[in-house]
Chemist: 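Questions regarding the structure given below will be posed in turn.
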Amino acid sequence: MTKLVRGFRDILAPQSNYFTEIESAARRAFALAGANEIRIPTVELKELFVKSTGDTTDIVQKEMYSFEDAGGRVLALRPEGTPGVVRAYIENNFAANSPVQKLFYIGNMFRAERPQAGRYREFEQIGFEYIGSAAPAADAETILILKDIVAAFGVKNYSVKINSLGCPECRPAYKQELINYLKKDFDALCDKCKERLERNPLRVLDCKICGPRVTASAPAQKLCAQCTEHFEEVKNLLDGRIAYDVDANLVRGLDYYTRTVFEFQAGASAQNAIAGGGRYDGLVKSMGGPQVPAVGFAMGVERAVAARGETQPARENKIFVISLDKTCNAKAFETMYNLRAEGVCADGGLFDKNLKTQLKAADKAGAAYALLLGPDELAKKIFTLRDFKTGSQKEINFENIYTEVKALI
RNA sequence: GUGGCUGUAGCUCAGCUGGUUAGAGCAUUGGUUUGUGGAGCCAAGGGUCGGGGGUUCGAAUCCCCUCAGCCACCCCA
């Protein structure tokens with residue numbers, strides 16, 4: 001038979017419920033913060049990602065699903081959400097009307113990496129982009145919204161790292177200084193870092209092989225006065241609201257980040273980054289828009305779900321309708337259907353099974369109550385309501401059924 | 001993309017150094033003498049042992065290829 005494509009998967013209950021839970025938590029937090037949802041396409045021109053995410057990144061160099069359509073356009077499945085959002089911001093001319101935008105999205109992303117636990121070729125991201133504000137408060141707010149979602153969803157043991165990468169004023173100088181420093185001991189670098197040196201020397205600090213050895217003596221990040229002030233202000237706003245560590249080696253892998261970057265980590269696996277983000281003050285302009293600052297994050301839903309773990313759902317306020325005889329089926333069915341109209345979760349309908357089987361099914365479905373209708377009940381115009389928690393039963397007259405059930409549930 | 005480990009019923013696994021019709025527990029289905037679930041009892045169904053090729057009289061068991069999963073690297077969410 002035809003099977004799943006490598007790296008893709010079916011998400012079944014209860015996992016699928018956890019996805020809904022975190023999405024709901026996110027929507028609540030976004031609504032409280034005044035953010036609007038944006039739905040962007042899954043497919044964009046490949047060049048969008050090359051220009052924004054960056055052609056030096058692995059994501060663009062080797063992880064994109066790209067293809068040519070019948071019209072000869074070179075397209076790609078989105079590997080991340082930010083480029084599409086920024087493209088939409090520019091294309092819809094937000095800058096002219098209401099330049100400050102808090103936008104969030106929930107959607108699946110695609111990267112052709114080698115699959116591993118916590119790393120799939122299709123995965124879901126919940127993302128937030130705060131476009132139009134250069135204020136440190138925007139950085140802090142972005143980080144705190146993310147914290148609220150993670151906390152509301154119930155991830156317990158996570159840590160937060162932040163850093164500042166500087167701006168176009170101070171970063172090139174630092175980059176050059178770092179290159180000069182690393183070149184002095186070029187041969188000691190691993191092969192990867194030799195390649196990285198010119199292209200993106202900051203990544204050497206993040207390297208598992210060279211990083212630990214180099215960082216101790218490497219020149220420290222030198223932020224300009226404005227970047228220093230910005231970073232200090234971000235930290236001030238964060239203090240007391242979230243526990244975090246400043247990690248000078250935190251370097252995000254996307255090209256567009258400036259100033260503040262951050263990462264939320266949880267779980268023991270190597271794929272422990274459940275969310276990450278940062279400021280990207282130059283991206284809108286570099287993509288053809290006006291000079292507009294921005295900051296944002298993206299959260300990996302399956303990683304957040306894995307970090308939180310399974311939850312034991314309480315026995316649902318569900319009523320399971322059971323009929324014991326052909327003569328009772330019509331009334332039982334009608335009652336089941338009408339209960340739903342009354343807003344009660346009514347399951348059941350396995351009327352061709354015997355009582356024991358139907359009760360088993362009710363238990364398995366997690367029902368709180370079973371509503372039994374047999375010839376005896378039909379004759380007396382009553383239902384028998386069984387409470388699964390206590391095992392007790394009581395009789396309810398036909399005419400009172402909806403009010404009584406609604407009172408219970 | 002690189003390296004390592006793994007792949008037997010829906011799930012978790014057992015099958016010793018190759019030997020007749022491949023097993024268990026859980027799950028499922030059906031019964032359990034007349035209407036009562038949440039580890040009662042009985043029984044049944046379900047696997048071309050990931051797929052393909054090879055070695056052999058004979059392969060789940062050995063070899064090769066392939067696919068998939070996991071772990072590390074890498075990368076990132």
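We name chains A, B, ... by the order of the sequence lines, and we start the count at 1 in each one.
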Chemist: Checking only heavy atoms, does the side chain of A:Arg6 share a donor-acceptor pair with the base of B:G69 at less than 3.5 Å?
Modeler: no

Chemist: Who does B:C75 pair with, Watson-Crick or G-U, both distances under 3.5 Å?
Modeler: none

Chemist: If only side-chain N and O atoms count, and only distance matters, is there a donor-acceptor pair under 3.5 Å linking A:Glu377 with A:Thr384?
Modeler: yes

Chemist: If each of A:Arg119 and A:Gly300 is mapped to the nucleotide of RNA chain B with the nearest heavy atom, which maps nearer the 5' terminus, i.e. the 5' end?
Modeler: A:Arg119

Chemist: As a test of reading the structure: which of B:A77, B:G38, B:C75 is closest to the side chain of A:Ala275, going by heavy atoms?
Modeler: B:A77

Chemist: How far does CG of A:Leu339 sit from NZ of A:Lys406, to the nearest 0.5 angstrom?
Modeler: 10.0 Å

Chemist: Measure from the side-chain heavy atoms of A:Arg114 and tell me the nearest of B:G30, B:G3, B:G35.
Modeler: B:G3

Chemist: Distance check, P atoms only: B:G4 and B:A77, in whole angstrom units.
Modeler: 29 Å

Chemist: If you check the A:Thr357 side chain, which of B:G30, B:G35, B:U36 turns out closest?
Modeler: B:G30

Chemist: Does the cation-pi check pass for A:Lys318 over A:Phe320, that is, NZ or CZ under 6.0 Å from the six-membered ring centre and within 45° of its axis?
Modeler: no

Chemist: Decide whether a cation-pi geometry holds between A:Lys331 and A:Phe398; the criteria are a distance under 6.0 Å from NZ or CZ to the six-membered ring centre and an angle within 45° of the ring axis.
Modeler: yes

Chemist: With heavy atoms under 4.0 Å as the rule, sort A:Gly366 into base, sugar-phosphate or nothing.
Modeler: nothing

Chemist: Suppose we define a pair by two distances each less than 3.5 Å, Watson-Crick or G-U wobble; what does B:G46 pair with here?
Modeler: none

Chemist: Could you check whether the rings of A:Phe262 and A:Phe264 sit parallel, tilted or perpendicular, using 30° and 60° as the cut-offs?
Modeler: perpendicular

Chemist: How far, in whole Å, is B:C64 from B:U6 if one measures between their P atoms?
Modeler: 13 Å

Chemist: With C1' as the reference atom in both, quote the distance from B:A24 to B:A14 in angstrom, rounded to an integer.
Modeler: 7 Å

Chemist: Between A:Asn272 and A:Arg303, is there a side-chain donor-acceptor contact under 3.5 Å, judged purely by atom types and distance?
Modeler: no

Chemist: Looking only at atom C1', what distance separates B:G51 and B:U32, rounded to whole Å?
Modeler: 43 Å

Chemist: What is the distance, to the nearest angstrom, from the NZ atom on A:Lys353 to the C1' atom on B:G37?
Modeler: 16 Å

Chemist: Calculate the interatomic distance between A:Arg303 atom CZ and B:C76 atom P; express it in whole Å.
Modeler: 11 Å

Chemist: Between the base of B:G69 and the side chain of A:Arg9, is there a donor and acceptor pair under 3.5 angstrom?
Modeler: no

Chemist: I want to verify a distance call: between B:A77, B:C74, B:U36, whose nearest atom is closest to the A:Ala273 side chain?
Modeler: B:A77

Chemist: With a 4.0 Å limit, can you tell me whether A:Asn354 has a side-chain N or O closer than that to the phosphate oxygens OP1/OP2 of B:G31?
Modeler: yes

Chemist: Atom CG of A:Leu385 and atom P of B:G37: how far apart are they, to the nearest Å?
Modeler: 16 Å

Chemist: Would you measure the distance from the C1' atom in B:G31 across to the matching atom in B:G10 and give it in whole Å?
Modeler: 22 Å

Chemist: Which part of the nucleic acid, if any, lies within contact of A:Ala298, taking any heavy atom under 4.0 Å across all strands shown: a base, the sugar-phosphate backbone alone, or nothing?
Modeler: sugar-phosphate

Chemist: Compare the aromatic ring of A:Phe388 with the six-membered base ring of B:G37 and state whether they stack according to the 5.5 Å and 30° rule.
Modeler: no

Chemist: Between A:Arg308 and A:Glu21, does any NZ, NE, NH1 or NH2 come within less than 4.0 Å of an OD or OE carboxylate oxygen?
Modeler: yes

Chemist: Can you tell me the base-pairing partner of B:U17? Count Watson-Crick or G-U wobble geometry only, both distances below 3.5 Å, and say none if there is no partner.
Modeler: none

Chemist: Is there a Watson-Crick or G-U wobble partner for B:U32 with both distances under 3.5 Å, and if so, which one is it?
Modeler: B:G40

Chemist: For B:C11, which nucleotide in any strand shown is its Watson-Crick or wobble partner with both distances under 3.5 Å?
Modeler: B:G25

Chemist: Give A:Ile274 one of three labels, base, sugar-phosphate or nothing, depending on what nucleic acid heavy atoms sit under 4.0 Å from its own.
Modeler: sugar-phosphate

Chemist: With a non-hydrogen cut-off below 4.0 angstrom, is A:Gly127 in contact with a base, only sugar-phosphate, or nothing?
Modeler: nothing

Chemist: Under 4.0 Å, heavy atoms only, any strand: does A:Gln393 hit a base, just the sugar-phosphate, or nothing?
Modeler: base

Chemist: Taking 4.0 Å as the cut-off, does a side-chain nitrogen or oxygen of A:Gln116 come that near to OP1 or OP2 on B:A72?
Modeler: yes

Chemist: Assign A:Phe320 to base, sugar-phosphate, or nothing according to its heavy-atom contacts below 4.0 angstrom with the strands shown.
Modeler: nothing

Chemist: Return the value, rounded to whole Å, for the distance between atom NZ of A:Lys356 and atom P of B:G31.
Modeler: 11 Å

Chemist: When both hydrogen-bonding distances must be under 3.5 Å and the geometry is Watson-Crick or G-U wobble, what is B:U6 paired with, if anything?
Modeler: B:A68

Chemist: Atom CD of A:Glu129 to atom C1' of B:A77: distance rounded to whole Å?
Modeler: 13 Å

Chemist: What is the separation between atom CG on A:Asp363 and atom C1' on B:G37, rounded to the nearest whole Å?
Modeler: 5 Å

Chemist: Got a donor-acceptor pair under 3.5 Å from the side chain of A:Glu377 to the base of B:G35?
Modeler: yes

Chemist: Pick the C1' atom in B:G50 and in B:U8, then give their distance to the nearest Å.
Modeler: 10 Å

Chemist: Which whole-number value in Å describes the distance from A:Asn272 CG to B:C74 P?
Modeler: 13 Å

Chemist: Could you give the CD-to-P distance, from A:Glu113 to B:G1, as a whole number of Å?
Modeler: 12 Å

Chemist: Touch check for A:Leu372, heavy atoms < 4.0 angstrom, all strands: base, sugar-phosphate only, or nothing?
Modeler: base

Chemist: Please figure out whether A:Val301 or A:Lys360 has its closest RNA chain B nucleotide nearer the 5' end.
Modeler: A:Lys360

Chemist: Using the P atoms only, state how far B:A60 lies from B:C42, rounded to an integer number of Å.
Modeler: 33 Å

Chemist: Pair A:Leu144, A:Leu238 - check side-chain contact (heavy atoms from CB on, under 4.5 Å), show working.
Modeler: CA-CA 8 Å; A:Leu144 291 170; A:Leu238 254 25; 4.1 Å; yes

Chemist: Taking B:U2 as the reference, what is the distance to B:C11 when you measure between their C1' atoms (whole Å, please)?
Modeler: 33 Å

